[in-house]
Structure formats: C-alpha cells, structure tokens
Trainee: 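Structure provided below as structure tokens; questions to follow.
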Protein chains: 2
Amino acid sequence: MDVTPPHRRSDATRAAILEAARDRFAQDGYDGATVRAIAGQAGIDPSMVIRYFGSKEGLFARVVDVALDIPDPARIPAEDLGRVLVTHFLELWERDGVLVTLLRVGVTNPAGAQRLRGVFRDQLVPAAERFGHDPADAPRRATLVASQILGMALLRYVLKFGPAAEMSRADVVAWLAPTVERYITSPEP
Amino acid sequence: MDVTPPHRRSDATRAAILEAARDRFAQDGYDGATVRAIAGQAGIDPSMVIRYFGSKEGLFARVVDVALDIPDPARIPAEDLGRVLVTHFLELWERDGVLVTLLRVGVTNPAGAQRLRGVFRDQLVPAAERFGHDPADAPRRATLVASQILGMALLRYVLKFGPAAEMSRADVVAWLAPTVERYITSPEP
DNA sequence: GAGCATATGCCAACACCTGTTGACCTTGCG
DNA sequence: CGCAAGGTCAACAGGTGTTGGCATATGCTC
C-alpha cells in the first residue's frame with residue numbers, strides 16, 4: 001500500500017507527530033487531543049499534521065492500529081491457560097498507549113466504538129474459536145473474557161484507581177487467571 | 001440545603017432540562033453533549049440552562065448523583081451472594097443512564113474520573129468492608145468486583161457490543177455470580 | 001379588578017477554540 | 001543556479017459556553 005520511497009527527509013517529523021499523537025490521544029481522548037496540542041508536543045506547526053496525514057481522523061487511524069497477538073493455544077499447557085492469557089493482556093496494555101487510546105476514544109466516539117468492535121470481532125472471537133471446544137460458543141466466551149480484562153484495564157490503566165493501579169501484576173494475574181480460564185474452558189456456569 | 005419554596009413556576013422547565021441533560025450526557029459524554037443540544041431537546045433556549053444551573057459543569061453535577069444502594073450482606077444467604085449482587089448491579093445500570101454517563105465522562109474528563117473514584121471510595125469499598133472478613137482487604141476486593149462489573153457494563157451498556165448486549169440477563173448473572181462471589185469471599189486466589 | 005414587581009423566556013452577541021487551507025519563506029539536493 | 005520539498009504564518013468558517021438586554025406573562029397587593 002505504501003509505495004513511497006523508503007527514505008524521506010521528513011520521516012523524523014512524521015515519527016514525531018505520530019509519537020505525540022499517540023501520547024495525546026491516549027491521555028485526552030479523540031476530542032480532547034487537539035491538532036494544535038499534538039503539533040506543539042511534536043515541535044512543529046499544526047498545518048504539518050494535516051499535510052502529512054490528511055486530517056485529524058487520518059492521523060487517528062494511523063495511531064490506532066493494534067495487533068493483539070493472542071498466543072497459540074496449542075503451545076500452552078492447559079493448567080497455565082489463564083495465567084498465560086492474563087499476563088499477555090497486561091503486557092499488551094502496558095506496552096504502549098494504543099489500547100488505552102482505543103478504549104478512551106471508543107467510549108465517547110462512535111467511530112472509535114466501531115474500531116473497538118472490529119478488534120473484538122477480528123481478533124478476540126477467532127481466538128476464542130481456537131481455544132474453546134464449541135465454536136458456536138466463541139462470541140460469548142470472548143465477551144466474558146473481554147469483560148474481565150477490559151474492566152481491570154479500565155480501572156488500572158485508564159481511570160488509574162489507587163487500589164487497582166497499586167496491585168502487583170502477579171496479584172492481578174493470580175486473581176484473574178481462574179476467572180478467565182473458567183470463561184474459556186467451562187462448558188456452563 | 002434547598003430553602004427555596006417548593007413550587008416554582010419553572011419547575012417543569014428545570015425538570016425538562018435535567019431529563020434532556022441526562023439523556024445527552026449519557027449518549028455523547030461531557031464534551032459531546034453541548035448546551036445547545038440539551039436546550040434543544042428540552043425545548044428551551046440555551047441561556048436558560050446557564051441561568052438555572054449556573055454553568056454546564058453545575059448542570060452535570062446535578063445530573064451525576066448516584067446511590068448504589070448496595071444491599072445489606074446480613075440479609076443475603078451466603079450461597080446467593082454472587083447472584084444477588086450481580087443482579088443488583090445490572091438493575092442499577094439499566095435503571096437510568098446515570099452510571100453510563102458517569103463511565104463515559106469518567107473515561108475522558110478528569111473531573112469525571114474524580115467523581116467515579118468518589119463513588120468507588122465512598123460506596124463500594126465500605127460495602128466490601130461489610131461483606132468480607134478482613135477489612136484491610138476491602139479495597140482489593142472492591143477493585144476486583146468493580147473490574148468484573150464495570151467491564152461487563154462497558155461492553156453491554158456503553159459500547160453495546162452485539163454478543164454482550166444480546167446475552168440474557170440470566171446468563172450474565174449465571175456466569176458472573178461465581179466470579180464476584182469468589183472475589184468477595186475467597187481469602188486467596 | 002388594576003397596577004406593579006418579578007420570574008420566565010428568547011434573541012443576539014461576546015470571546016474563545018476548533019480543524020483546515022492557502023500564501024509565503026527556507027532549506028537542501030541535482 | 002533552479003526547483004521541489006519542508007516548514008511557518010495568518011486567516012478562514014464554524015462551533016463552543018456564557019452574558020446582557022429586552023419582551024412577555026404570571027402572581028401578589030391594594
């Protein structure tokens with residue numbers, strides 16, 4: 001898709017804009033993050049943002065592009081399933097601000113919600129199909145797992161509630177792992 | 001605190017503004033809900049909103065005033081604890097848009113996040129103290145329960161994900177009840 | 001019932017902020 | 001040198017919360 005020559009003189013600026021945008025979107029959401037604030041943080045003029053990314057929406061689309069990289073169930077011992085998955089998701093949320101951005105924007109912006117649904121449908125549900133025994137159950141299992149993971153991420157990384165943010169990662173994993181495991185493997189409540 | 005005479009001629013208008021505000025805030029969040037849109041839906045002039053509630057923030061403070069009414073643990077049979085609590089929270093989220101509003105705004109607006117923290121600290125943690133055996137553990141238990149409930153509410157009532165919204169209430173209760181119960185009663189993961 | 005004070009409501013405008021655009025310099029490379 | 005890409009500046013059109021002035025209608029006092 002990107003057929004432009006690999007080295008442009010403005011690549012540094014583009015990268016600076018993207019980095020600033022990631023930061024501002026994650027911090028302030030879509031409406032809260034103004035083009036002027038992003039440009040200011042990147043140290044350039046607001047008009048450059050538009051020239052390089054077409055529009056604010058175009059920039060946002062570039063920023064929010066996430067691969068969940070859910071591990072292959074075949075390579076996980078059955079008794080470690082919950083622990084491995086929860087650990088993976090925590091790392092995902094802590095890696096960069098993309099998921100925080102996605103959630104922040106998805107909650108207020110219809111287009112953002114659409115994008116969140118896309119991630120759920122294209123990555124989480126298929127993973128649930130690989131994990132569970134009955135593929136028809138996958139959407140429900142994915143929903144249950146997502147509810148627990150999203151809820152903890154919301155408290156811990158978005159709202160930054162004291163008790164949630166201060167829990168050690170090991171504690172979070174220890175408590176959530178059995179829940180997630182049950183949602184995936186148990187045939188009924 | 002409210003010493004004004006009980007019957008003002010403008011009470012109907014005030015109520016209309018509050019109702020419209022509840023709706024718009026729940027739907028569009030704090031920034032998305034404009035004073036003009038609220039006034040339009042209430043069928044009056046935008047200036048009336050300011051005159052009656054001082055400012056947009058004042059109106060929002062009036063709208064977002066929620067009592068979780070968490071039931072008394074002494075009146076719940078131990079084996080019904082999870083079911084009763086999950087059912088209670090689902091009804092709370094479905095009753096009116098207040099919790100949806102609170103979540104939508106809390107995610108993007110710092111003041112909204114503060115208010116959400118207040119609800120958590122003043123209502124959820126004390127409840128966890130009454131429920132659990134070790135009061136020192138209450139913040140962590142409240143966090144775990146909140147993570148599961150908030151996550152499901154997020155998918156079901158805010159983002160309106162298909163699979164989450166279409167699950168029957170009974171199904172949600174059946175799946176979440178054991179989780180919530182474990183978070184409250186189990187001394188360790 | 002008449003007159004008046006006051007509450008109620010609308011209109012127009014304000015100052016500010018938003019995304020976006022076009023004209024204009026400036027730098028670096030062929 | 002010439003020319004295109006990189007970058008800045010100022011301005012635009014539209015939307016925001018908020019304010020003051022002006023019309024109207026209501027309810028109270030005589």
Side-chain angles (χ1 to χ4, degrees), chain A residues 2-25 27-64 101 104-105 108-112, chain B residues 2-25 27-64 101 104-105 108-112:
Chain A
D2 192 23
V3 291
T4 50
H7 288 301
R8 277 170 304 196
R9 190 150 48 91
S10 60
D11 278 350
T13 303
R14 296 179 118 89
I17 294 177
L18 276 176
E19 190 189 330
R22 259 186 273 273
D23 192 37
R24 300 321 308 165
F25 278 135
Q27 202 98 11
D28 305 330
Y30 185 80
D31 295 309
T34 68
V35 173
R36 283 172 170 82
I38 294 169
Q41 186 162 328
I44 45 93
D45 191 86
S47 63
M48 301 300 294
V49 174
I50 303 297
R51 187 183 293 184
Y52 284 153
F53 297 92
S55 66
K56 184 183 179 180
E57 277 207 52
L59 173 61
F60 179 73
R62 274 293 188 85
V63 164
V64 176
T101 302
R104 269 229 164 84
V105 174
T108 30
N109 189 289
Chain B
D2 191 24
V3 293
T4 52
H7 288 301
R8 275 170 304 195
R9 192 155 44 92
S10 60
D11 278 350
T13 303
R14 297 179 116 91
I17 294 176
L18 276 175
E19 191 188 330
R22 258 186 273 273
D23 193 36
R24 300 322 308 164
F25 279 135
Q27 202 99 11
D28 305 329
Y30 185 80
D31 295 310
T34 69
V35 173
R36 283 171 171 81
I38 293 170
Q41 185 160 329
I44 46 94
D45 192 87
S47 64
M48 302 299 294
V49 175
I50 303 297
R51 187 182 295 182
Y52 284 154
F53 296 94
S55 66
K56 184 182 180 182
E57 277 208 49
L59 172 62
F60 179 73
R62 272 294 186 84
V63 165
V64 176
T101 303
R104 268 228 163 84
V105 174
T108 30
N109 190 289

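Just so we're on the same page: letters track the sequence lines, and every chain starts at 1.
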Trainee: Where along residues 40-48 of chain B does a heavy atom fall under 4.0 Å from DNA chain D?
Mentor: B/Ser47

Trainee: Rounding to a whole Å, what distance do you find between A/Ile38:CD1 and C/dG19:P?
Mentor: 8 Å

Trainee: Could you grab the distance from atom CG of A/Asn109 to atom CG of B/Asp31, nearest 0.5 Å is fine?
Mentor: 12.0 Å

Trainee: Determine, step by step, whether A/Ile17 and A/Ile44 satisfy the side-chain contact (heavy atoms from CB on, under 4.5 Å) criterion, reporting the C-alpha distance in whole Å, the side-chain angles of both residues, the deciding distance to 0.1 Å, and the verdict.
Mentor: CA-CA 8 Å; A/Ile17 294 177; A/Ile44 45 93; 4.0 Å; yes

Trainee: Return the value, rounded to whole Å, for the distance between atom CG of A/Asp28 and atom C1' of C/dG19.
Mentor: 17 Å

Trainee: Give me, pair by pair, the N or O atoms of the protein and of nucleotides 13-17 of chain D that are less than 3.5 Å apart, along with how far apart they are.
Mentor:
| from | atom 1 | to | atom 2 | distance (Å) |
| --- | --- | --- | --- | --- |
| D/dG17 | OP1 | B/Val35 | N | 3.1 |
| D/dG17 | OP1 | B/Lys56 | NZ | 3.0 |
| D/dG17 | OP2 | B/Val35 | N | 3.1 |
| D/dG17 | N7 | B/Arg36 | NH1 | 2.8 |
| D/dG17 | O6 | B/Arg36 | NH2 | 3.2 |

Trainee: Can you label the angle between the A/Tyr30 ring and the A/Phe25 ring as parallel, tilted or perpendicular, going by 30° and 60°?
Mentor: parallel

Trainee: Atom CZ of A/Arg51 to atom P of C/dA23: distance rounded to whole Å?
Mentor: 12 Å

Trainee: What does B/Tyr52 touch in the nucleic acid at a heavy-atom separation under 4.0 angstrom: a base, only the sugar-phosphate, or nothing?
Mentor: sugar-phosphate

Trainee: Keeping the roles fixed (side chain from A/Lys56, backbone from A/Val49), state whether a donor-acceptor pair exists under 3.5 Å.
Mentor: no

Trainee: Which heavy-atom pair separates A/Thr108 from B/Arg104 by the least distance, and what is that distance?
Mentor: CG2-O, 4.0 Å

Trainee: For the atom pair CG (B/Leu59) and CG (B/Leu18), what is the distance rounded to the nearest 0.5 Å?
Mentor: 6.5 Å

Trainee: Name all residues meeting the side chain to side chain contact (heavy atoms under 4.5 Å, CB included) criterion together with B/Arg51; count only those two or more places apart in sequence or in a different chain, and write none if there are none.
Mentor: none

Trainee: In this structure, are over 12 heavy atoms from other groups packed under 6.0 Å from A/Gln41 atom CD?
Mentor: yes

Trainee: Over how many whole Å does the gap from B/Phe53 atom CZ to D/dT18 atom C1' extend?
Mentor: 16 Å

